[in-house]
Amino acid sequence: MRIATWNINGVKARIDTAAKWLSTASPDIVFLQETKSADEAFPAATFEDLGYNVARHGQKGFNGVAIFSKLPLEDVRFSLPGDEGDTQARFAEALVSVQGGAIRLGSLYLPNGNPVDSDKFSYKLAWFDRLHDWAVSHLATEETFVLGGDFNVIPASIDARFPDNWTDDALCRAESRAAWRRLVNLGLTDALRTTTNAPGHYTFWDYQAGAWQKNNGIRIDHFLLSPQAADRLKSVSIDKRVRGWDKPSDHVPLIVDLEG
DNA sequence: ATGGCTGCAGGATGCAGA
């Protein structure tokens with residue numbers, strides 16, 4: 001089973017690019033972030049015609065997450081527990097049934113958190129705490145789960161081409177990295193880091209200042225796997241090609257292949 | 001570089017992103 005996650009930066013601006021990418025990568029399941037579309041304006045039919053069931057949860061103009069699946073989606077939910085007052089569309093989860101059981105899927109768009117002296121940063125850290133609690137509760141049931149998305153965290157210096165540029169940024173502040181480690185240290189597997197300890201594996205290049213041409217990238221899109229999911233991991237890849245296409249998102253897809 | 005782009009809503013340009 002192939003699962004991909006991609007911050008698409010506007011699903012309506014990326015319909016043609018997304019259709020092209022889906023046909024070349026052939027994922028069974030896709031997590032999207034930053035769809036920037038209200039649900040009624042989401043171009044679901046385009047993706048249903050490509051064979052996907054579509055679960056989407058968005059807002060006008062910003063945020064927004066989705067899960068596409070060639071298998072039926074069950075138990076679809078769109079809110080991360082822990083703050084009834086949070087109206088931002090940043091989380092979608094669902095179950096798919098496969099041979100040998102179910103897999104829980106979580107597509108997430110973790111808050112950016114800049115500027116760090118604002119309530120945006122405290123919102124990011126609170127959101128991280130809620131995600132931690134979500135993981136604790138699902139680890140307790142020994143479910144197979146796959147959390148993927150734009151975590152807006154550069155886990156370590158090797159995850160940035162120019163780490164010194166990001167020292168005081170919300171993406172790599174000590175509090176953000178501590179929250180990331182606290183989540184991973186529950187027993188989750190950072191999928192990409194099972195394949196390599198090398199620098200140079202990025203998922204985002206800014207539109208500005210020729211970041212792509214200079215390979216000024218960062219790794220902020222991740223898959224975290226529960227132990228049962230990690231046991232099934234076959235391969236991980238970053239589909240960098242997509243950043244060089246016309247009208248690209250500033251993020252590229254990250255892909256995991258699981259047994260079964 | 002003064003985020004130097006980009007998408008969105010809307011019908012100009014401000015907001016949001018990382």
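Throughout, a chain's letter reflects where its sequence line sits, starting with A, and its residues are numbered from 1. This is a predicted model, so every value here is computed, not measured.
- Judged by distance alone, the side chain of Asp159(A) and the main-chain N or O of Ala156(A) form a donor-acceptor pair under 3.5 Å.
- For Asn7(A) and dT6(B), the CG to C1' distance is 12 Å, given to the nearest whole Å.
- Within 6.0 Å of CG on Asn185(A) lie more than 12 heavy atoms contributed by other residues, nucleotides or ligands.
- When each of Val11(A) and Asp169(A) is assigned the nucleotide of DNA chain B bearing its nearest heavy atom, the one mapping closer to the 5' terminus is Asp169(A).
- Between the CG atom of Asn9(A) and the C1' atom of dG17(B) there is a distance of 8 Å, given to the nearest Å.
- In this structure, the nucleotide among dG7(B), dG4(B), dG17(B) sitting nearest to the side chain of Ala13(A) is dG7(B).
- Backbone-only contact: Asn152(A) has heavy atoms under 4.0 Å from sugar-phosphate atoms and none from a base.
- Residue Ile8(A) contributes atom CD1, which lies 22 Å from atom P of dA16(B) at whole-angstrom precision.
- Cation-pi geometry between Arg90(A) and Tyr109(A) is met: under 6.0 angstrom from the ring centre, within 45 degrees of the axis.
- Remark: the separation of the C1' atoms in dT6(B) and dA18(B) is 12 Å, to the nearest Å.
- Distances were taken from every side-chain heavy atom of Lys12(A) (C-beta onward) to each of dG3(B), dG17(B), dC8(B); the shortest belongs to dC8(B).
- Across Asn63(A) and Gln88(A), no two heavy atoms sit closer than the pair ND2-OE1, 3.2 Å.
- Comparing the same atom, C1', in dG3(B) and in dC15(B) gives a spacing of 14 Å after rounding to whole Å.
- Heavy atoms of Asp150(A) sit under 4.0 angstrom from primed sugar atoms or phosphate atoms, though from no base atom.
- As rounded to whole Å, 16 Å separates atom C1' of dG7(B) from atom CG of Asn112(A).
- Nearest to the side-chain atoms of Lys36(A) among the listed nucleotides dA9(B), dG7(B), dA18(B) stands dG7(B).
- Distance from the side chain of Ile218(A) is smallest for dA18(B) among the nucleotides dA18(B), dG7(B), dG17(B).
- For dA16(B) and dT2(B), the P atoms lie 22 Å apart once the distance is rounded to whole Å.
- With dC8(B), dG4(B), dA18(B) as the choices, the nucleotide that has an atom nearest any side-chain atom of Ala209(A) turns out to be dG4(B).
- Here the P atom of nucleotide dA9(B) and the CD atom of Gln59(A) are 12 Å apart, to the nearest Å.
- If you check every strand for non-hydrogen atoms under 4.0 Å, Arg90(A) touches sugar and phosphate atoms only.
- One finds a side-chain N or O of Tyr109(A) lying less than 4.0 angstrom from the OP1 or OP2 phosphate oxygen of dA18(B).
- You'll find the ring centres of Trp205(A) and His251(A) outside the 6.0 Å limit.
- Counting non-hydrogen atoms under 4.0 angstrom, Lys120(A) reaches the backbone sugars and phosphates but no base.
- For dG3(B), the base has a donor-acceptor partner in the side chain of Asp206(A) [N/O atoms by modelled type, under 3.5 angstrom].
- When each of dG4(B), dG17(B), dA9(B) is scored by its nearest atom to the side-chain atoms of Asn63(A), the top-ranked nucleotide is dG17(B).
- The nearest whole Å value for the distance from the CH2 atom in Trp212(A) to the P atom in dA18(B) is 18 Å.
- Across the interface with DNA chain B, nearest-nucleotide mapping of Leu171(A) and Pro248(A) shows Pro248(A) to be the residue nearer the 5′ end.
- A distance of about 25 Å separates the P atoms of dG4(B) and dG10(B), rounded to the whole Å.
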Q) Going through the distances and angles, do Tyr52(A) and Phe47(A) end up as a ring pair (Phe, Tyr, Trp, His ring centres under 6.0 Å)? A) CA-CA 6 Å; Tyr52(A) 292 97; Phe47(A) 301 106; 7.7 Å; no
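- Taking 4.0 angstrom as the limit, His251(A) places a side-chain polar atom (N or O) nearer than this to OP1 or OP2 of dA18(B).
- What separates CZ of Phe62(A) from P of dA16(B) is a distance of 7 Å, to the nearest Å.
- If you take CD of Gln33(A) and P of dA16(B), they are 20 Å apart, rounded to a whole angstrom.
- Between Trp21(A) and Trp6(A), the distance from one ring center to the other falls under 6.0 angstrom.
- With distances taken from any side-chain atom of Lys60(A) to the nucleotides dA18(B), dG10(B), dG3(B), the minimum falls on dG10(B).
- For Lys247(A), the listed nucleotide lying nearest its side chain is dG7(B); candidates were dG4(B), dG7(B), dA18(B).
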